[in-house]
Amino acid sequence: MKKELIKDVKKSFKKHFKTKPLMVFSPGRINLIGEHTDYNDGFVFPAAINKGIGLAIQKNNDKKSNVYALNKEEMYSFNLKNIQPLENGGWRNYILGVVSEIQKKGILLENFDIVFAGDIPGGAGMSSSAALENSVVFGLNELFKLNLTKQEMILISQKAEHNFAGVKCGIMDQYASMFGEKKSAILLDCRTIKSQSFKIDFKKYKLLLINTNVKHDLSESAYNDRREVCESISEKLKITALRDASKNVLDAIKTEISEEDYQKALYIIEENERVQKFAEAIKNDELNVLGELLYQSHNGLSKQYKVSCKELDFLVNQTKENSKILGARMMGGGFGGCTINLILKKEVAAFKEEISKKFKKEFNNDCSIYQVKLSEGTRLVNKK
């Protein structure tokens, strides 16, 4: 969390609303391994990071609520009655969605003022939307003493995303952002919504994210297509979700499905196994195994699940030639966004320079590079 971000948000709030606010920070997240397993009731391994949303909030005596998006310099005012999603509402729909979902629980809210800003890079797959939703529900819960649990808050955030942003996301993003712990990642069971925290010591290594700065149009339709394939195979196997399948069970119906669909289902089964192996490797302090699992995950996402793209594959392939990098893979839904890399700390500067030049030469486009730390979840800050 950058203290400057909190300071700027607080200053802007005092300028616009002339009162002292309650301050909240809600982090973005990365996912170490376990991609596309969430909607298959599977396992994921996310962590909150030290980039996120800073939010200032306070009650007001107006007849409307006001929200100011500091990064965009946009003010939006709304009535708390009959809240509906806005067409092309962008960030406004995340706020409206949270307020509406709280009201659906029979909770009466009074009017309030908000200022928020963030330092999560857009389109990088670090869940700025979940961070914003969590910051709003957490802020309202504190301000109006709603007595909501963190578990209730993340479900409100998820429903806001479903019903107001139109994205049928799993629970991983909201969960990681709310429950994150310093220097730790969370092994999350997406069926039971129960988790186990793993403290990770990367020793001489650190996490580096490389953003392709591309988002190919395929992403939404491909996501829906993959989801349909997984659901139809589960139905064929007479199981609730692919989380319950094994390779042997899948092989029994191999002749009844296309090779493409077989590979997609096999990827989900194998990725769930990789998440479990990843947890074991952390327990045993086996950093080389973590790296190897990252490469295996990328290979499955690219060759079997087919949600990678030439830019992501290029970035991952370049790391294989570098002995100072233990592993890399694409992170997120696919067709753009970031790769996550486990790299020797002292090698970071040289690698950043080298990969930036190579990427520019190959695609005539700049990649962006970020260093992140595993961080605490949504919380009050600056209480004084």
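The model shown is predicted, which means the values in this text are computed figures rather than measured ones.
Under a cut-off of 6.0 angstrom, the local environment of NZ in K310 is sparse, with at most 12 non-hydrogen atoms contributed by other residues, nucleotides or ligands. Atom NZ of K64 has 12 or fewer heavy atoms from other residues, nucleotides or ligands within 6.0 Å. Residue K373 places its NZ atom among 12 or fewer non-hydrogen atoms of other residues, nucleotides or ligands, all under 6.0 Å distant. In this structure, K150 places its NZ atom where more than 12 heavy-atom neighbours from other residues, nucleotides or ligands lie under 6.0 Å away. For NZ of K15, the number of neighbouring non-hydrogen atoms (other residues, nucleotides, ligands) closer than 6.0 Å is 12 at most.
A salt bridge links D225 with K264: at least one charged nitrogen is closer than 4.0 Å to a carboxylate oxygen. The residues E362 and K358 are annotated as not salt-bridged, no charged nitrogen and carboxylate oxygen being separated by less than 4.0 angstrom. Ion pairing between K236 and D261 fails under the 4.0 Å rule for side-chain N and carboxylate O. Using a cutoff of 4.0 Å between basic side-chain nitrogens and carboxylate oxygens, E280 and K283 are scored as salt-bridged.
For the pair E271 (side chain) and E35 (backbone), a donor-acceptor distance under 3.5 Å is present. At least one donor-acceptor pair under 3.5 Å links the side chain of R226 to the backbone N or O of K306. Not a single donor-acceptor pair under 3.5 Å links the side chain of S12 to the backbone N or O of V9. Within the 3.5 Å criterion, the main-chain N or O of N66 finds no donor-acceptor partner in the side chain of S77. Between the side chain of Q103 and the main chain of L80, a donor-acceptor pair closer than 3.5 Å is present. The closest donor-acceptor contact from the side chain of N40 to the backbone of G42 lies at 3.5 Å or more, if one exists at all. At distances below 3.5 Å, at least one donor-acceptor pair connects side-chain atoms of E152 with backbone N or O atoms of T149. Using a distance-only test at 3.5 Å, with no hydrogens or angles considered, no donor-acceptor pair links the side chain of D119 to the main chain of I53. Proximity of a side-chain donor or acceptor of S184 to a complementary backbone N or O of K182 within less than 3.5 Å is detected. Side chain of K238 to backbone of E235: no donor-acceptor contact under 3.5 angstrom is found.
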Salt bridge (charged side-chain N to carboxylate O under 4.0 Å, His left out) evaluation trace for K2 with D8: CA-CA 10 Å; K2 286 202 182 86; D8 290 348; over 6 Å; no
Apply side-chain contact (heavy atoms from CB on, under 4.5 Å) to K51 and L209, showing your working. CA-CA 12 Å; K51 293 179 184 293; L209 302 183; over 6 Å; no
L146 vs L109, side-chain contact (heavy atoms from CB on, under 4.5 Å): CA-CA, chis, key distance, verdict: CA-CA 9 Å; L146 305 180; L109 293 173; 4.1 Å; yes
Evaluation steps, salt bridge (charged side-chain N to carboxylate O under 4.0 Å, His left out), between R227 and E231: CA-CA 6 Å; R227 198 165 180 157; E231 285 166 2; 3.5 Å; yes
Full working for side chain to side chain donor-acceptor pair (under 3.5 Å) between N60 and D113: CA-CA 6 Å; N60 72 36; D113 298 318; 2.8 Å; yes
K183 vs F202, test: side-chain contact (heavy atoms from CB on, under 4.5 Å). Steps then yes/no. CA-CA 9 Å; K183 294 184 179 175; F202 289 120; over 6 Å; no
Worked verdict on K352 versus Q371 for side-chain contact (heavy atoms from CB on, under 4.5 Å): CA-CA 11 Å; K352 278 167 84 167; Q371 296 180 51; 3.7 Å; yes
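Nearest approach of D173 to A130, heavy atoms of both residues: CB-CB, 3.7 Å. Considering all non-hydrogen atoms of both residues, H36 and G332 come closest at NE2-O, 4.1 Å. Closest of all the heavy-atom pairs between I120 and S128 is CD1-CA, 3.6 Å. Closest approach of C169 and Q158 over heavy atoms only: O-NE2, 3.2 Å. Residues C338 and M126 come closest through the heavy atom pair SG-CE, 4.4 Å. The shortest heavy-atom contact between L342 and Y205 is CD1-CB, 4.0 Å.
Cluster membership check: L326 does not share its hydrophobic cluster with Y295, using side-chain heavy-atom separations under 4.5 Å among Ile, Leu, Val, Met, Phe, Trp and Tyr. No chain of hydrophobic side-chain contacts below 4.5 Å, direct or via other Ile, Leu, Val, Met, Phe, Trp or Tyr residues, connects V167 to V307. The hydrophobic cluster containing F359 does not contain L312, counting ILVMFWY residues as joined when their side-chain heavy atoms lie under 4.5 angstrom apart, directly or transitively. No path of Ile, Leu, Val, Met, Phe, Trp and Tyr side chains, each step under 4.5 Å between heavy atoms, connects V348 with I30, placing them in separate hydrophobic clusters. Hydrophobic clustering places F351 together with L315 (ILVMFWY residues linked when any side-chain heavy atoms are closer than 4.5 Å, directly or through intermediates).
Donor-acceptor pairing under 3.5 Å is recorded for the side chains of S177 and N134. A donor-acceptor pair shorter than 3.5 Å can be found between the side chains of E181 and S197.
Residues L187 and I282 form no side-chain contact, since every pair of their non-hydrogen atoms from C-beta on lies 4.5 Å or further apart. The closest side-chain heavy-atom distance from Y76 to L86 is below 4.5 Å. The shortest side-chain heavy-atom distance between R92 and E74 falls under the 4.5 Å cut-off. Annotation: side chain of P85 is not in contact with side chain of L96 (no heavy-atom distance under 4.5 Å). The side-chain heavy atoms of E347 and N322, taken from C-beta on, include a pair separated by under 4.5 Å. For the pair F144/L108, no side-chain contact is recorded, criterion being any heavy-atom separation below 4.5 Å from C-beta on. Residues S26 and L55 form no side-chain contact, since every pair of their non-hydrogen atoms from C-beta on lies 4.5 Å or further apart. In this structure, V24 and E142 have side chains that are not in contact, with every pair of non-hydrogen atoms separated by 4.5 Å or more.
Using cut-offs of 30° and 60° for the angle between ring planes, the Y39 and Y223 rings count as perpendicular.
Rounding to the nearest 0.5 Å places OG of S302 at 12.5 Å from CZ of R329. Rounded to the nearest 0.5 Å, atoms CG (D313) and CD (E311) are 9.0 Å apart. One finds the CG atom of N299 at 12.5 Å from the CG atom of L294 (value rounded to the nearest 0.5 Å). One distance of note links CZ of F13 with CD of Q58; it measures 6.0 Å at 0.5 Å rounding. Rounding to the nearest 0.5 Å gives a distance of 8.0 Å between CE of M330 and SG of C309. Rounding to the nearest 0.5 angstrom, the gap separating the CD1 atom in I33 from the CD1 atom in I340 is 10.0 Å.
Remark: of the listed residues D189, N272, D38, D189 is the sole one forming a side chain to side chain donor-acceptor pair (under 3.5 Å) with R243.
Shown here are the ring-ring contact (aromatic ring centres under 6.0 Å, His included) partners of H16, two or more places apart in sequence or in another chain: Y68.
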